[in-house]
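Given the structure is predicted, the values throughout are model-derived calculations rather than measurements.
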Amino acid sequence: MIQPPSRRSLLLGATAAAGTAMLGGCDRLGEADWFRRTLKTGEDANQFVQRLLLTERTLAPEYAEAEISPWFKPNGTEDPPDKAYKALARRKFADYRLEVGGLVETPLKLSLAELRKLPARTQITRHDCVEGWSCIGKWTGVPLSEILDRARLKPEARYVVFRCADTMDQGEDDGAEGDGTEDASSGGNANPAMTKQTGGGEDKRDSGGQQAAEGTSAGDDAPVRYYESIDLVDAFHPQTILAYDLNGEALPVANGAPLRLRLERNLGYKQAKYVMRIEVVESFADIGEGKGGYWEDQGYAWYAGI
């Protein structure tokens, strides 16, 4: 008997098809106001349908140890070039502090050792990338709800924003020495540490790192850093964790060390890596381009539920 496709498979197929169409030369279509409104309507419908069909605590599928992928493919940035991040990595993140602020009663600064002492959750789940590939990995980390409960959200809190160390745009070239990995045609703005371009040295133009992760940009010549946001329904979901281990070992740099978000009911681009700071906000309209995340600012859907 042929089994009907699951809702997860249908949504993944639709997302992949849409991505293929956009990558296949639909630039003029993507610029049309009516098409953008249609995409936004589809995004709202996806969120409505998922929230209608699933309870707030419905779990994404979990897998057996034998099903873990032999290699968990990195995606996006594999090795942030920023000087401050490099310094943290050299000391195995002993000096790392996760900052939690915004609309909270008790701002926090937590070391990696302190995070490891908090209640933890381990889950074996599948990572589904918008590019069409999947991997199964075993993640261990602290539930985001544990951190938010300790920070005590203010009544107006609506969204959780993750500020990250990976630089997506290096800003204007000020003539300082780079690491030599940028594409010459990019004007020095491409991230030299994106997938398939690992191993770059420090970017000496960047004075960023943990402090700079508080903003996506501080000016026309400042680096633009990855950021992402989720609502409180996803933030308090039991499988939403800040992972520090992958497959029983400390999270590798290529996969987001020292800390990455695992949001198991969403596509991969929502799983922010290199998390430096958490900011609780009422609205993300004034952050970046106001769409709720780096890739959302480039046209991706804010809600990426599967």
Side-chain angles (χ1 to χ4, degrees), residues 3-19 42-76 118-149 159-162 228-248 251 255-256 259-273 275 278 292-293 295-296 300-306:
Q3 295 293 327
S6 67
R7 176 182 174 278
R8 186 179 180 92
S9 299
L10 288 171
L11 285 173
L12 276 172
T15 302
E43 174 187 339
D44 292 342
N46 180 18
Q47 183 175 11
F48 174 78
V49 169
Q50 186 177 63
R51 297 280 165 84
L52 181 67
L53 295 179
L54 306 177
T55 72
E56 292 184 5
R57 300 184 68 83
T58 300
L59 300 181
E62 297 193 13
Y63 298 83
E65 294 265 357
E67 297 176 279
I68 294 174
S69 302
W71 176 64
F72 198 94
K73 180 179 178 179
N75 63 302
L118 294 178
R121 177 184 173 91
T122 296
Q123 56 203 32
I124 301 175
T125 53
R126 191 178 74 198
H127 179 102
D128 292 308
C129 181
V130 72
E131 297 170 348
W133 56 266
S134 299
C135 283
I136 294 175
K138 179 180 179 181
W139 305 94
T140 300
V142 55
L144 180 59
S145 60
E146 290 283 344
I147 301 225
L148 297 180
D149 284 342
Y159 301 96
V160 180
V161 179
F162 302 88
E228 191 50 82
S229 66
I230 60 176
D231 64 16
L232 297 186
V233 172
D234 281 333
F236 281 90
H237 187 269
Q239 287 175 314
T240 299
I241 67 174
L242 295 172
Y244 43 69
D245 284 351
L246 172 59
N247 296 336
L251 189 64
N255 296 109
L259 207 62
R260 73 169 295 165
L261 176 66
R262 292 304 307 170
L263 191 67
E264 305 299 357
R265 300 195 302 181
N266 281 252
L267 287 169
Y269 66 87
K270 297 292 290 188
Q271 327 276 337
K273 303 197 302 185
V275 175
I278 292 174
W295 285 116
E296 290 87 332
Y300 281 51
W302 175 78
Y303 188 73
I306 51 176

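For Glu67, there are no salt bridge (Lys or Arg N to Asp or Glu O under 4.0 Å) partners at least two apart in sequence or on another chain. Under the side chain to side chain donor-acceptor pair (under 3.5 Å) criterion, Arg262 pairs with His127, Glu264, not counting sequence neighbours. Applying the salt bridge (Lys or Arg N to Asp or Glu O under 4.0 Å) rule to Asp245 yields the partners Arg116; only residues at least two apart in sequence or on another chain are considered. A search for salt bridge (Lys or Arg N to Asp or Glu O under 4.0 Å) contacts involving Lys270 returns Glu228, Glu296, not counting sequence neighbours. In terms of the ring pair (Phe, Tyr, Trp, His ring centres under 6.0 Å) criterion, Tyr244 has no residue partners (sequence neighbours excluded).
The structure places CG of Leu232 at 9.5 Å from CG of Leu144, a figure rounded to the nearest 0.5 Å. Taken to the nearest 0.5 Å, the SG atom of Cys135 stands 11.5 Å off from the CD1 atom of Ile68. Taking CZ of Phe72 as the reference point, atom CG of Asn247 lies at 8.0 Å (rounded to 0.5 Å). Rounded to the nearest 0.5 Å, atoms CG (Leu261) and CG (Asn266) are 8.5 Å apart.
Taking 4.5 Å as the limit, every side-chain heavy atom of Tyr159 sits out of range of all side-chain heavy atoms of Ile230. When side chains are defined from C-beta on, Trp133 counts as touching Asn75, because their heavy atoms get closer than 4.5 Å. Taking the side chain as every heavy atom from C-beta outward, Lys273 and Leu251 never approach each other to under 4.5 Å.
Pairs engaging residues 134-143 under the salt bridge (Lys or Arg N to Asp or Glu O under 4.0 Å) rule: Glu65-Lys138 [sequence neighbours left out].
Proximity of a side-chain donor or acceptor of Thr140 to a complementary backbone N or O of Thr122 within less than 3.5 Å is not detected. At least one donor-acceptor pair closer than 3.5 Å links the side chain of Ser229 to the backbone N or O of Gly292.
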Discussion item. Test side-chain contact (heavy atoms from CB on, under 4.5 Å) on Asp149 and Phe236; report intermediate values, then the result.
Written reply: CA-CA 9 Å; Asp149 284 342; Phe236 281 90; 3.5 Å; yes

Discussion item. Would Leu242 and Phe162 count as a side-chain contact (heavy atoms from CB on, under 4.5 Å) here? Give the steps.
Written reply: CA-CA 11 Å; Leu242 295 172; Phe162 302 88; 4.2 Å; yes

Worksheet item: Given the rule in the side-chain contact (heavy atoms from CB on, under 4.5 Å) test, do His237 and Leu59 qualify, once you have shown the distances and angles that lead to the verdict?
Response: CA-CA 8 Å; His237 187 269; Leu59 300 181; 3.9 Å; yes

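Of the options Asp231, Leu148, Asp234, a side-chain contact (heavy atoms from CB on, under 4.5 Å) to Val160 is made by Leu148 and by none of the others. Checking each of Gln271, Arg260, Gln239 against Trp139 for a side-chain contact (heavy atoms from CB on, under 4.5 Å) leaves exactly one that passes, namely Arg260.
The two residues Pro238 and Gln123 have their closest heavy-atom pair at O-OE1, 4.4 Å.
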